[in-house]
Amino acid sequence: MIKVINWNINSIKSRLNHLLLLIKEEDPDIIMLQELKCETDKFPYVEFETLGYNLLINGQKTYNGVAILSKYPCEDTTSSLPSYNIDDNDQQARYIETICTINKKIWRFISVYVPNGQEVESEKYSYKLNFLERLHQHLNNLKTDQENLVIGGDFNIANQDIDVYDPKTLTEKLCFSLKEKKHLRKIINSGFSDTYRLLNQNITQFSWWDYRAGAYQKNNGLRIDYIFSNHTATNQLKESFVLEKFRTLEKPSDHIPIVSIYEENT
DNA sequence: ATGGTCGGTTGCCGA
């Protein structure tokens, strides 16, 4: 069994105890994190090495930052998404990819923090769409039919009406505009499954609620965090669920962890 | 109700 968790933690420093609680309660094999808001060499390595994790960190000061924590040894780690001449000077820490060998099978894991985009048609919105295009190209170039590929991330896009609290109000708003959805669907349709949706059809479950305006109390949320897996991995998918409890703790992240469990075919 | 609340950093940005 391989238990994978994805979580936008919104500051590793502020949420250290929540992450330790998550590990204590769920004992995941792989944890993919976003928004560390911490420089690579300031990550609290010891706490997690003590718990048996290999740590792959791509951090930066104040903003962004992604990580993969793995109980299995990792190799060939890359901390940048190729630019493909689309965005040649991208310095933001939004991507990390690594390969684990688990029971002699190759599992490639990616943790990605897609740009928020600030406002539809803004400069940052273009950067968001460009980033998604780069991600799409990179995933196509991996040609990973022979291996298992699992992508966890905060994509900052809700895919369908069922994934938002009020599709009418949110039409063409940031994180629900047609251009964003088309970019997201292009990635999914290139050979991935949305693991939570695959096993929980017709259920409205959000992964993020704004800190502002009592959004959580009103359940005004969006499902923008995902675990995607390729066909090979999805064939082994057994369970997928969210841990909404982590939005009810004191000083929570505005996002909740998502869990997907794979059972290796024998 | 076109507002509000966080985190990291220091008077404001990003989400």
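Source: prediction; values computed, not measured. Letters go in sequence order (proteins before strands), and every chain restarts at 1. Below, each value reflects all heavy atoms present in this structure, side chains not excepted, and no hydrogens, waters or symmetry copies.
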- Query: CG of D254(A) versus P of dG7(B): gap in Å, rounded?
  - Reply: 9 Å

- Query: So what's the dot-bracket for DNA chain B: Watson-Crick or G-U pairs under 3.5 Å, [ ] if a pair crosses, | if it pairs off-strand?
  - Reply: ....((((...))))

- Gap between atoms CG and C1', on N220(A) and dA1(B) respectively (whole Å): 12 Å

- Query: What pairs with K182(A) under salt bridge (charged side-chain N to carboxylate O under 4.0 Å, His left out), at least two apart in sequence or on another chain?
  - Reply: none

- Item | Under-4.0 Å salt bridge between E39(A) and K61(A) | no

- Task: Sequence neighbours left out, what passes side-chain hydrogen bond (donor to acceptor under 3.5 Å, both in side chains) with D166(A)? Give chain and number order.
- Result: T169(A)

- Message: From CH2 of W208(A) over to P of dA15(B), roughly how many Å is that when rounded to an integer?
- Response: 12 Å

- Decide whether N54(A) and S70(A) meet the rule of one side-chain donor and one side-chain acceptor closer than 3.5 Å. no

- Query: Do NZ/NE/NH1/NH2 and the carboxylate oxygens of D163(A) and R197(A) come within less than 4.0 Å?
  - Reply: yes

- Task: Measure the distance from CG on D154(A) to P on dG7(B) and round it to the nearest whole Å.
- Result: 16 Å

- Touch class at under 4.0 angstrom, heavy-atom based, for R94(A) against every strand present: sugar-phosphate

- Are L135(A) and I157(A) in one and the same hydrophobic cluster, where Ile, Leu, Val, Met, Phe, Trp and Tyr link if side-chain heavy atoms are under 4.5 Å apart? yes

- Query: Within the structure, does a side-chain N or O atom of K124(A) lie under 4.0 Å from either OP1 or OP2 of dG14(B)?
  - Reply: yes

- Rounded off to whole Å, could you give me the CD-to-P distance for the E123(A) and dG14(B) pair? 11 Å

- Message: Reading DNA chain B from 5' onward, which residue's closest nucleotide shows up sooner: G117(A) or S14(A)?
- Response: S14(A)

- Would you say the side-chain atoms of S126(A) and E123(A) include a donor-acceptor pair closer than 3.5 Å? no

- Nucleotide dG7(B), atom C1' - distance to NE2 of H255(A) in whole Å: 12 Å

- Do the side-chain N and O atoms of T98(A) and E75(A) include a donor-acceptor pair separated by under 3.5 angstrom? no

- Message: Using a 4.0 Å cut-off on heavy atoms, which residues in residues 56-68 of chain A reach DNA chain B? List them by number, or say none.
- Response: K61(A), T62(A), Y63(A)

- With sequence neighbours left out, the residues meeting side-chain hydrogen bond (donor to acceptor under 3.5 Å, both in side chains) with T232(A) are none

- Given atom CG of L33(A) and atom P of dG7(B), what is their separation to the nearest angstrom? 16 Å

- When we call it a touch if two heavy atoms are under 4.0 Å apart, what does Y113(A) touch: a base, just sugar-phosphate, or nothing? sugar-phosphate

- Message: On DNA chain B, does the nearest nucleotide to L36(A) precede the nearest nucleotide to N116(A) from the 5' side, or the other way round? Give the residue.
- Response: L36(A)

- Scanning both residues in full, the closest heavy-atom pair of G152(A) with Q34(A) reads O-NE2, 3.6 Å

- Message: Given the ring of Y113(A), does R94(A) sit roughly above its face, with NZ or CZ under 6.0 Å from the centre of the six-membered ring and within 45° of the axis?
- Response: yes

Enumerate all atom pairs, one protein N or O and one N or O from nucleotides 2-6 of chain B, separated by less than 3.5 Å.
from   : atom 1 : to      : atom 2 : distance (Å)
dT5(B) : O4'    : Y211(A) : O      : 3.3

- Item | Within 45° cone of F176(A) ring axis and under 6.0 Å: K181(A) NZ or CZ | yes

- Message: Work out how far the C1' atom of dT10(B) is from that of dC6(B), and round it to whole angstrom.
- Response: 16 Å

- What distance, rounded to whole Å, do you find between the two C1' atoms, one in dG4(B) and one in dA15(B)? 13 Å

